Protein chains: 2
Amino acid sequence: MTEKTKGLRPAGGQPDKRRAILTGALALFARDGYTRASLDGIAAEAGVSSRTIYNHFRDKAQLFEAVIQESSGRVADTQIAIIDRHLSKIVDLEADLVEFGTAWVAVMDSAAAPHFALVRQIHAELEHIPQTAVDAWRETGPRRVRGELAERLGRIADRGSLRIPDPDRAAVHLMLLVSNDNLPYGADRRNEKELTAMVTAGVHTFLHGYRP
Amino acid sequence: MTEKTKGLRPAGGQPDKRRAILTGALALFARDGYTRASLDGIAAEAGVSSRTIYNHFRDKAQLFEAVIQESSGRVADTQIAIIDRHLSKIVDLEADLVEFGTAWVAVMDSAAAPHFALVRQIHAELEHIPQTAVDAWRETGPRRVRGELAERLGRIADRGSLRIPDPDRAAVHLMLLVSNDNLPYGADRRNEKELTAMVTAGVHTFLHGYRP
DNA sequence: TTATCATTGCAACGAGCGTTGCAGTCAGAT
DNA sequence: ATCTGACTGCAACGCTCGTTGCAATGATAA
């Protein structure tokens, strides 16, 4: 509303409105969850009439699934970029892994923080989301990222720097260790120093667990 | 309703009713989450009039917090029992850790499955639960378990079987690795063989990461 | 028996929410 | 200028839910 519309508009609603809706819906779904988040709240957050949402999405459920898909794809791209940037050319394996882990937790805690709050909502709502949507999300999100990371680790193992019997499992282990999976086991909120200490310790454990 | 009341009854409602309410509320809160779960549904699940719930608990929020506390304490006791049973007397460290991990994931997947579904709901609802309740839960639940496991690991390290700079971190790493943290990274549902493979691989990584 | 008390069923309230219809407005395309 | 289509504000619907009040029931303790 506060901005002027510019450019052509394809069929099915204006794309900037759609993007605004998706962004606002991500924010509210992430914070409040599917049931608690209201369409009026989403509309307000997006700066859009609540009636417009029904111009772009069939109902609340489909909006939720669209938000999941959109956010998952975007974040997966970001994570894969981090993987490519830090794990393509290896010079010092431990140092490169630490830098990878640092970038990993940084993006999880800042830019992609709403997305991972949404992921917690998804995990809580799993019984109420149609299986097809869950499968689609897993495929375009975590599975794709895990596959990319597993491939990189496998390539490093081929060069002899690691011994990895199961690349998928190694990828999961590395992600778990460097991110502490969002403090589930009673950890406090971390400052900068504790954060790098966590990443370093995780990389250390991973490295000695998979080093030949 | 269907059972006869027996024994004395202390002030504030009958204890079997209270337990039935807590059990039913755990089941529904775990499956549906705080907002979606209705008091009528909980009352039906518990075999109790919805009016009776207000005899035992002030409102829905306090019932939720009571369920969290009750379930967390019970499950923490179970987990600590597993820790004591498998990590007190060490004969073969790797074998004992694998047995520990096997019992760990078994209880998470069966007896305590509703509790960990509830934990996922807590993680999703964190912004809507009073800080005091969150702190109380962390203390009687994950923190207490982590402390117990850290102490055991530290004692093993004192005997020279492990080299552990930070026992708390080591405890978190071990729990993450043996449980894969409830398949967040795109893992499929596991059968029995994959489950032991997961535990074994996790123990292997942990052990080589922390072995001197 | 009588008194106490937890439990129950029912009715009611007020609020919030998803969803739809309708009329009006505004910007771009012909 | 006219037409098209998207957006908006408003009102309304039906529904669910948390919560409370009230009268009735049944069991226990004196």
Side-chain angles (χ1 to χ4, degrees), chain A residues 1-25 27-29 31-67 121 125 128-130, chain B residues 1-25 27-29 31-67 121 125 128-130:
Chain A
M1 252 303 287
T2 61
E3 270 134 332
K4 311 221 77 164
T5 57
K6 49 206 169 219
L8 316 177
R9 77 205 124 107
Q14 303 211 146
D16 45 343
K17 294 287 177 183
R18 183 186 168 92
R19 172 124 45 179
I21 294 171
L22 286 172
T23 305
L28 283 211
F29 280 142
R31 176 162 56 100
D32 297 342
Y34 176 78
T35 310
R36 204 191 289 257
S38 75
L39 278 173
D40 286 339
I42 293 172
E45 177 81 13
V48 160
S49 164
S50 81
R51 199 60 183 77
T52 303
I53 297 181
Y54 287 93
N55 261 345
H56 293 259
F57 304 94
R58 186 170 12 90
D59 54 11
K60 196 187 183 185
Q62 198 222 319
L63 171 62
F64 189 55
E65 297 180 14
V67 169
Q121 302 293 343
E125 288 276 325
H128 304 280
I129 306 177
Chain B
M1 254 290 290
T2 61
E3 269 135 332
K4 312 220 76 162
T5 57
K6 50 208 170 219
L8 316 177
R9 77 205 125 106
Q14 303 212 146
D16 47 342
K17 294 288 178 183
R18 183 186 168 91
R19 173 123 46 179
I21 294 171
L22 286 173
T23 305
L28 284 212
F29 280 142
R31 176 163 56 99
D32 297 342
Y34 176 78
T35 310
R36 204 190 289 256
S38 75
L39 279 173
D40 285 339
I42 293 173
E45 178 81 13
V48 158
S49 165
S50 82
R51 199 61 186 75
T52 303
I53 297 181
Y54 288 92
N55 261 346
H56 292 259
F57 305 95
R58 185 168 14 90
D59 54 11
K60 195 186 184 186
Q62 198 221 320
L63 171 62
F64 189 54
E65 298 181 14
V67 169
Q121 303 293 344
E125 288 277 325
H128 304 280
I129 306 177

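Computed from a prediction, not measured in an experiment: that's the story for all the values here.
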- Task: Please report the closest heavy-atom contact between A:L28 and A:G41, naming both atoms and the distance.
- Result: CD1-C, 3.3 Å
- Whole-Å gap separating C1' (D:dC7) and CG (A:D16): 11 Å
- Check A:A27 against A:E45 and note the closest heavy-atom contact, atom names and distance. CB-OE2, 3.9 Å
- Query: Rounded to the Å, how far apart are A:Q14 CD and D:dG5 C1'?
  - Reply: 9 Å
- Can you tell me if the side-chain N/O atoms of A:N55 get under 4.0 Å from OP1 or OP2 in D:dC7? yes
- Query: What is the distance from CZ of A:F29 to C1' of C:dC17, rounded to the nearest Å?
  - Reply: 13 Å
- Query: With a 4.0 Å cut-off on heavy atoms, is B:A37 in touch with a base, just the backbone sugar-phosphate, or nothing at all?
  - Reply: sugar-phosphate
- Closest to side chain of A:V48, choosing from C:dG18, C:dT8, D:dT8: D:dT8
- Taking atom C1' of C:dC22 as reference, at what distance in whole Å does atom OH of A:Y54 sit? 17 Å
- Query: Rounded to whole angstrom units, what separation is found between the CD atom of A:Q62 and the C1' atom of C:dT19?
  - Reply: 15 Å
- Taking all non-hydrogen atoms of both residues into account, name the closest pair between A:Q14 and A:H56 and its distance. O-CE1, 3.4 Å
- Taking only side-chain nitrogens and oxygens of A:H56, does any of them come within less than 4.0 Å of OP1 or OP2 of D:dC7? yes
- Task: Please round to the nearest 0.5 Å and tell me the distance separating atom NZ of A:K60 and atom OG1 of A:T35.
- Result: 6.0 Å
- Could you give the NZ-to-C1' distance, from A:K17 to D:dG5, as a whole number of Å? 14 Å
- Which part of the nucleic acid, if any, lies within contact of B:S38, taking any heavy atom under 4.0 Å across all strands shown: a base, the sugar-phosphate backbone alone, or nothing? sugar-phosphate
- Message: Expressed as a whole number of angstroms, how long is the span from B:I53:CD1 to D:dG18:P?
- Response: 9 Å
- Message: Both A:R51 and A:Y34 contact DNA chain C. Which one's nearest nucleotide lies toward the 5' end?
- Response: A:Y34
- Task: Nearest whole angstrom, please: distance from the C1' of C:dG9 to the CG of B:D40.
- Result: 12 Å
- Return no unless some side-chain N or O of A:S49 is found under 4.0 Å from OP1 or OP2 of D:dC7. no
- Using 30° and 60° as the class limits, which term best fits the ring planes of A:Y34 and A:F29: parallel, tilted or perpendicular? parallel
